[in-house]
Amino acid sequence: MKPNTSYSSNYERMSGNCTRLVAAQMLQNLSPPITPSSYILDNACGPGIVSEQIKLLHPDAKIMATDWSPAMIEETQNRIEKEGWSNIQTGIEDVRDLKGLEDGTFSHAFTNLGMLVPGDDDSGVRITSALFRVLKVGGVALVSSWADRVWLNAFYNTARAIRPNEEPQKLMALMPEMMKASWLAAQLEDGRFGNNIEVKPCVTYTEAGSLDELVNNMLLAKQMFFSGFSDGEMENVKGIFKEELKKLRTFEEVEGGVRIEMKAWIGIGWKKGDELEVPV
Ligand SMILES: C[S@@+](CC[C@H](N)C(=O)[O-])C[C@H]1O[C@@H](n2cnc3c(N)ncnc32)[C@H](O)[C@@H]1O
């Protein structure tokens with residue numbers, strides 16, 4: 001299928017559909033399914049990517065979309081107005097406590113690629129505990145995390161080519177532990193879901209209409225990798241980065257554009273009400 005690459009914001013250009021494709025897979029074979037009585041949390045919603053995917057399938061679904069970035073909430077609100085979505089509210093919430101949301105409120109709670117709070121590597125269980133708290137008994141939490149981010153190598157190799165004697169800036173680096181399925185499983189188990197959990201792999205892509213477009217979109221994140229580089233050094237970045245993207249193991253040309261495959265994990269936790277039983 002041709003990639004849809006008409007992106008409406010810098011976030012969308014930078015992510016190139018990679019979070020949207022995960023969101024779409026989170027909604028497949030959802031158990032329990034979304035029904036007219038569902039109340040859904042889109043947690044760490046960014047510009048409302050999960051909400052968008054829900055509204056495509058269930059236009060009347062009742063949604064609360066939250067993020068702690070006012071800029072992201074503004075983007076979500078603009079999107080709500082533009083699309084004319086009804087039955088959706090927004091709010092500022094920290095994923096680590098969701099303190100403005102009451103216990104036992106939601107039938108479904110989605111946290112798509114929002115399990116990592118920058119600068120706080122220990123936030124995982126606090127996030128899943130908060131999700132457990134705000135879910136109704138019978139409700140389900142869907143969370144996702146990265147298994148790899150192949151494209152980071154293109155940034156690192158470009159920085160190394162320009163400054164061979166310097167270690168590349170690694171602001172986006174994650175502890176390898178956090179990219180394992182077992183990490184996501186443990187966050188759900190320890191966040192009170194106990195053994196009512198599942199983790200499955202999911203393939204996604206960052207995509208653009210052409211290689212030049214992909215280069216320009218990804219270089220919107222250049223401050224994370226080339227801060228302090230001189231204008232002269234930055235002039236070389238684009239050409240080298242383009243070649244490095246082509247060398248990536250998962251880079252491919254497809255009809256209508258180019259894409260880089262990535263792998264993510266989707267974790268599911270059901271709040272069943274039997275969590276306090278001691279397993280024997
Ligand atoms: C990778 S984006 C994912 C956005 C969206 N869920 C999607 O599917 O594209 C991560 C989001 O987490 C938000 N975020 C980071 N730390 C947060 C926190 N402590 N509480 C709430 N949101 C947070 C960011 O503002 C950003 O919108």
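Throughout, numbering of the chain's residues begins at 1 and tracks the sequence. Just so you know, ligand 1 is whichever comes first in the structure, and atom 1 is the first atom listed for that ligand. Note that the structure is a prediction, hence the values are computed from the model and not measured.
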- Item | C45 and ligand 1 - part of the residue with a heavy-atom distance under 4.0 Å |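 Just the backbone.
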
- Query: Looking only at heavy atoms, is any part of I49 under 4.0 Å from ligand 1, and if so is it the side chain, the backbone, or both, or is it neither?
  - Reply: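 The part of I49 near ligand 1 is the side chain, not the backbone.
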
Can you sort out which atoms of ligand 1 are near [X], meaning under 4.0 Å from one of its heavy atoms?
X: S69; answer: 25 (O)
X: T19; answer: 7 (C), 8 (O), 9 (O)
X: V117; answer: 19 (N)
X: R96; answer: 19 (N)

With no hydrogens and no angle check, just 3.5 Å: does a side-chain donor-acceptor pair link [X] and [Y]?
X: K238; Y: N216; result: yes
X: T90; Y: Q77; result: yes
X: S144; Y: N112; result: yes
X: N10; Y: N217; result: no

- Do any heavy atoms of F110 fall under 4.0 Å from ligand 1?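 The answer is no, since F110 has no heavy atom less than 4.0 Å from ligand 1.
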
- Is there a heavy atom of E93 sitting under 4.0 angstrom from any atom of ligand 1?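 For ligand 1, residue contact (heavy atoms, under 4.0 Å) with E93 is present.
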
- Heavy-atom count around N29 CG within 6.0 Å, excluding the residue itself: above 12?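 Open: at most 12 neighbouring heavy atoms sit under 6.0 Å from CG of N29.
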
- Query: Counting both backbone and side chain atoms, is some N or O of V95 under 3.5 Å from an N or O of ligand 1?
  - Reply: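 The answer is yes, given that V95 and ligand 1 share an N or O pair closer than 3.5 Å.
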
- Which of the listed options, D67, V22, D42, N17, holds the heavy atom that is closest to atom 25 (O) of ligand 1?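 That would be D67.
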
- Item | salt bridge (charged side-chain N to carboxylate O under 4.0 Å, His left out) evaluation trace for K180 with E177 | CA-CA 6 Å; K180 292 182 176 173; E177 206 50 38; 3.5 Å; yes

- Query: Any ion pair linking R126 and D120 (charged N to carboxylate O, less than 4.0 Å)?
  - Reply: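 Salt bridge flag = yes for R126 with D120.
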
Could you find the nearest protein heavy atom to [atom] and give me its residue, atom name and distance?
atom: atom 10 (C) of ligand 1; result: L113 O, 3.5 Å
atom: atom 3 (C) of ligand 1; result: Y11 OH, 3.2 Å
atom: atom 12 (O) of ligand 1; result: A44 CB, 3.5 Å
atom: atom 19 (N) of ligand 1; result: D94 OD1, 3.0 Å
atom: atom 8 (O) of ligand 1; result: N112 ND2, 2.9 Å
atom: atom 22 (N) of ligand 1; result: W68 N, 3.4 Å

- Taking the six-membered ring of F251, is NZ or CZ of R259 closer than 6.0 Å to its centre and within 45° of its axis?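 R259 over F251 ring: no.
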
- Item | F106 six-ring face occupied by K136 cation (under 6.0 Å, within 45°) |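 No, K136 does not sit over the ring of F106.
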
- Message: Main chain of C45, side chain of T66: is a donor-acceptor contact present, judged purely on distance under 3.5 Å?
- Response: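 No, the answer is negative, given that no donor and acceptor are paired below the 3.5 Å cut-off.
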
